[in-house]
Amino acid sequence: QVQLVESGGGLVQAGGSLRLSCAASGRTSSIYTVGWFRQAPGKEREFVAGISWSGGSASYADSVKGRFTISRDNAENTVFLQMNSLKPEDTADYYCGIWRAGALRYEWGQGTQVTVSS
């Protein structure tokens, strides 16, 4: 079992920035990849960004490419999502999840709210 705690969400004006953090504790072994996902009311959860734990290779959804940056601190078991040039369309609950080697599903945190006002 792992505990994932997201933080850094809040209310920001369009064009502003936020930095989300995802801190993992407990069973943190065999982490293969870490992803950020978001879910707006009435919509399905969608992929935002991901990073491989060992190599640091990052990928992004087209909607955030060039604006968001995912990074990691392996020693602290923490993943960050730097969000710049925020748009109202970015408003959602943001979740981090880990995928372990050999696992069949993501393990999720509780999420953090991001609200972007116009």
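Since the model is a prediction, treat every value here as computed from it, not as a measurement. Atom set for the values below is all heavy atoms of this structure, side chains included, hydrogens, waters and symmetry mates excluded.
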### Message
Please check: side-chain N/O of T28 versus main-chain N/O of S25, any donor-acceptor pairing under 3.5 Å?
### Response
no
### Summary
Residues pairing under salt bridge (Lys or Arg N to Asp or Glu O under 4.0 Å) where one sits in residues 19-34, two or more places apart or in two chains, turn out to be none
#### Entry: Shortest non-hydrogen contact between L4 and A24, atoms and distance
CD2-CB, 3.5 Å
### Task
Write down the atom of G8, the atom of L20, and the distance for their closest heavy-atom approach.
C-CD2, 3.5 Å
Less than 3.5 Å apart, which donor and acceptor atoms pair up between the side chains of residues 110-118 and the rest of the protein, not counting sequence neighbours?
{"unit_1": "T112", "atom_1": "OG1", "unit_2": "G9", "atom_2": "N", "d": "3.2"}

Return a table of donor-acceptor pairs under 3.5 angstrom between the side chains of residues 102-109 and protein atoms on other chains or two or more places apart.
{"unit_1": "E107", "atom_1": "OE1", "unit_2": "R100", "atom_2": "NH2", "d": "3.3"}
{"unit_1": "E107", "atom_1": "OE2", "unit_2": "R100", "atom_2": "NE", "d": "2.5"}

Side-chain donor/acceptor pairs under 3.5 Å, residues 79-86, sequence neighbours excluded:
{"unit_1": "Q82", "atom_1": "NE2", "unit_2": "N84", "atom_2": "OD1", "d": "3.0"}
{"unit_1": "N84", "atom_1": "OD1", "unit_2": "S17", "atom_2": "OG", "d": "2.9"}

### Query
If Ile, Leu, Val, Met, Phe, Trp and Tyr residues are connected whenever their side-chain heavy atoms lie under 4.5 Å apart, and connections chain through other members, are L18 and Y95 in the same group?
no
### Message
When you group the ILVMFWY residues by side-chain heavy-atom contacts below 4.5 Å and let the links chain together, are Y94 and F37 in the same group?
### Response
no
Give the table of side-chain donor-acceptor pairs shorter than 3.5 Å for residues 45-62, with sequence neighbours excluded, one pair per line with atom names and distance.
{"unit_1": "E46", "atom_1": "OE2", "unit_2": "R38", "atom_2": "NE", "d": "2.8"}
{"unit_1": "E46", "atom_1": "OE2", "unit_2": "R38", "atom_2": "NH2", "d": "3.4"}
{"unit_1": "S52", "atom_1": "OG", "unit_2": "G56", "atom_2": "N", "d": "3.1"}
{"unit_1": "S52", "atom_1": "OG", "unit_2": "S57", "atom_2": "N", "d": "2.9"}
{"unit_1": "Y60", "atom_1": "OH", "unit_2": "I70", "atom_2": "N", "d": "3.0"}
{"unit_1": "D62", "atom_1": "OD1", "unit_2": "K65", "atom_2": "NZ", "d": "3.1"}

### Query
How long is the span from the CZ atom in R72 to the SG atom in C22, to the nearest 0.5 Å?
14.0 Å
## Note on the structure
Apart from Y32 itself, its cluster of hydrophobic side chains linked below 4.5 Å comprises none
